[in-house]
Amino acid sequence: MPKWVKWTVGLVFGGFIIVLAAASLYFYQYAFVPSHKDFLSNKQTTSEKAAQTWLKQQSPATWHETAVNSDLKLDALYLPATKPTNKAVVVAHGYMNTKEDMAEYIRMFHNAGYNVLAPDDRGHGQSQGNYIGWGWPDRLDYTKWTQQVIQKLGDKSEIALFGVSMGGATVMYMSGEKLPSQVKTIVEDCGYTSIMDELGYQAKQMYNLPSFPLVPAVALTASIRTGYNVFAASSINALKKNHLPIMFIHGAKDTFVPTSMVYQNYKATSADKELWVVPGAKHAQSYGKDPKRYTQKVIGWLQQHMS
């Protein structure tokens, strides 16, 4: 091969690597660093605003925890039930949301008679952190939070895990871990199958870019920068280990986490399960689409699987 050909190939390859590295850093900042995200809607419905006002009026307690394999300090709010009970729901929020953004769900569980714990994930709300875990490192933090609930309510406590969007992925990831026996059931709403799948989907949707080689490069960059393995985050693999009863909810018109993902998640577990695809609902809007039916379905599921 002539030298000029080798030089040309080398320059082209080198240029490609430089462009890929630059793109990886850009999309790492875009997807993994907490900040205002233009692609997220910051509009609140009247119901969401009212629920947040209600939550403030309840004056919930503040709990603290230390992140797993880290010295990051995490915050959560704890709202005790009106009447003493050993039953609690741990609520996981979505991407670039906070515990307060879960006010409608906190109110729903509180009105049904449950104690409610709602943490802020790493890099969100009042919790420390300069990266977004997409639910993967957070699954271990939430397991620590369940231990705090048990310490509060006793060894005979019964706990349900509930999450929306990234929170839905978080509780599905938790299903593959060794959880305390007090955790009895899971409800996930519009969680994704994996970080890689969601990144690939968004690359196509938002930029019309192919997954390869950009998504693996971004995942590698994120893994190095954050210290957790982005490639390992798979709800499918976690659900294969799951033995807890689990309810799956997804909007039929979800174009942010495609509805197709819920069918893959549902198929992955052999545990007692239920699937509810909500007609006409977009991403994380299943509750808002039909609050009454949503409440009936979710609370009914918890009552069925918590004695």
Side-chain angles (χ1 to χ4, degrees), residues 62-78 86-95 97 99 102 105-106 109 114-129 131-189 191-192 194-195 226-230 232-247 265 268-269 271 302 305-306:
T62 300
W63 285 15
H64 303 284
E65 187 56 86
T66 302
V68 175
N69 300 322
S70 172
D71 59 359
L72 296 174
K73 303 303 179 184
L74 308 176
D75 262 34
L77 66 80
Y78 178 76
N86 67 338
K87 296 178 175 62
V89 183
V90 177
V91 174
H93 65 74
Y95 181 89
N97 287 149
K99 54 189 182 296
M102 299 299 286
Y105 305 101
I106 294 170
F109 292 122
Y114 295 93
N115 302 292
V116 185
L117 179 70
D120 277 332
D121 288 17
R122 304 178 186 200
H124 292 73
Q126 299 303 308
S127 291
Q128 294 180 344
Y131 60 83
I132 299 169
W134 287 73
W136 186 243
D138 312 290
R139 80 196 191 284
L140 303 177
D141 300 336
Y142 275 81
T143 301
K144 289 186 72 174
W145 284 119
T146 64
Q147 295 287 1
Q148 275 213 49
V149 174
I150 295 166
Q151 291 173 15
K152 175 72 173 180
L153 301 179
D155 289 340
K156 293 185 179 180
S157 59
E158 296 185 40
I159 301 170
L161 306 176
F162 173 85
V164 177
S165 190
M166 185 178 78
T170 303
V171 297
M172 285 191 287
Y173 294 151
M174 290 178 73
S175 75
E177 301 298 316
K178 185 177 181 180
L179 299 173
S181 61
Q182 289 84 355
V183 177
K184 302 300 183 182
T185 188
I186 299 171
V187 177
E188 80 84 22
D189 185 339
Y192 34 80
S194 72
I195 300 177
T226 65
Y228 72 87
N229 187 354
V230 174
S234 167
S235 61
I236 301 293
N237 291 340
L239 287 164
K240 288 178 180 178
K241 304 174 186 177
N242 174 55
H243 66 276
L244 294 173
I246 180 167
M247 181 180 188
N265 286 326
T269 184
L302 264 55
H305 296 285
M306 299 169 77

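Position 1 is the first residue of the sequence; numbering continues from there.
With sequence neighbours excluded, the residues satisfying side-chain contact (heavy atoms from CB on, under 4.5 Å) with Val116 are Val91, Ile106, Phe109. Take Asp71 and apply the side-chain contact (heavy atoms from CB on, under 4.5 Å) test, not counting sequence neighbours, and it matches no residue. Annotation: side-chain contact (heavy atoms from CB on, under 4.5 Å) contacts of Ser175 (sequence neighbours excluded): Ile186, Ala238, Leu239, Asn242. Scanning for side-chain contact (heavy atoms from CB on, under 4.5 Å) contacts around His64 gives Thr62, Asp75, with sequence neighbours left out. Qualifying ring-ring contact (aromatic ring centres under 6.0 Å, His included) partners for Trp134, counting only residues two or more places apart in sequence or in other chains: Phe32, Tyr95, Tyr192. The side chain to side chain donor-acceptor pair (under 3.5 Å) test applied to Glu65 returns Lys144, Gln148, not counting sequence neighbours.
Considering Thr269, Thr170, Asn265 in turn, Asn265 is the only one that fulfils the side-chain hydrogen bond (donor to acceptor under 3.5 Å, both in side chains) rule with Ser235.
Residues Asp141 and Leu74 meet the side-chain proximity criterion, which asks for heavy atoms closer than 4.5 Å. In this structure, Thr185 and Ile246 have side chains that are not in contact, with every pair of non-hydrogen atoms separated by 4.5 Å or more. By the 4.5 Å heavy-atom criterion applied to side chains, Leu117 and Ile159 are not counted as neighbours.
Between Arg122 and Val68, the shortest heavy-atom contact is NH2-O, 2.8 Å. Ala160 and Met306 make their closest contact through CB-SD, 3.8 Å (heavy atoms, listed as atom of the first residue, atom of the second, distance). Closest of all the heavy-atom pairs between Gln182 and Ile150 is OE1-CD1, 3.3 Å. When all heavy atoms of Val183 and Leu244 are compared, the pair lying nearest together is O-CD2, 3.4 Å. Of all heavy-atom pairs between Thr146 and Met174, the closest is CG2-CE, 4.3 Å. Closest approach of Tyr105 to Val164, counting heavy atoms only: CZ-CG2, 3.8 Å.
With hydrogens and angles left out, the side-chain atoms of Asp121 and Tyr142 include a donor and acceptor closer than 3.5 Å.
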Can you list the steps and then say if Thr66 with Leu72 is a side-chain contact (heavy atoms from CB on, under 4.5 Å)?
CA-CA 6 Å; Thr66 302; Leu72 296 174; over 6 Å; no
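Ring geometry for Trp136 versus Tyr173: interplanar angle over 60°, hence perpendicular rather than tilted (30 to 60°).
Within a 6.0 Å sphere centred on CG of Asn69, heavy atoms belonging to other residues, nucleotides or ligands number 12 at most.
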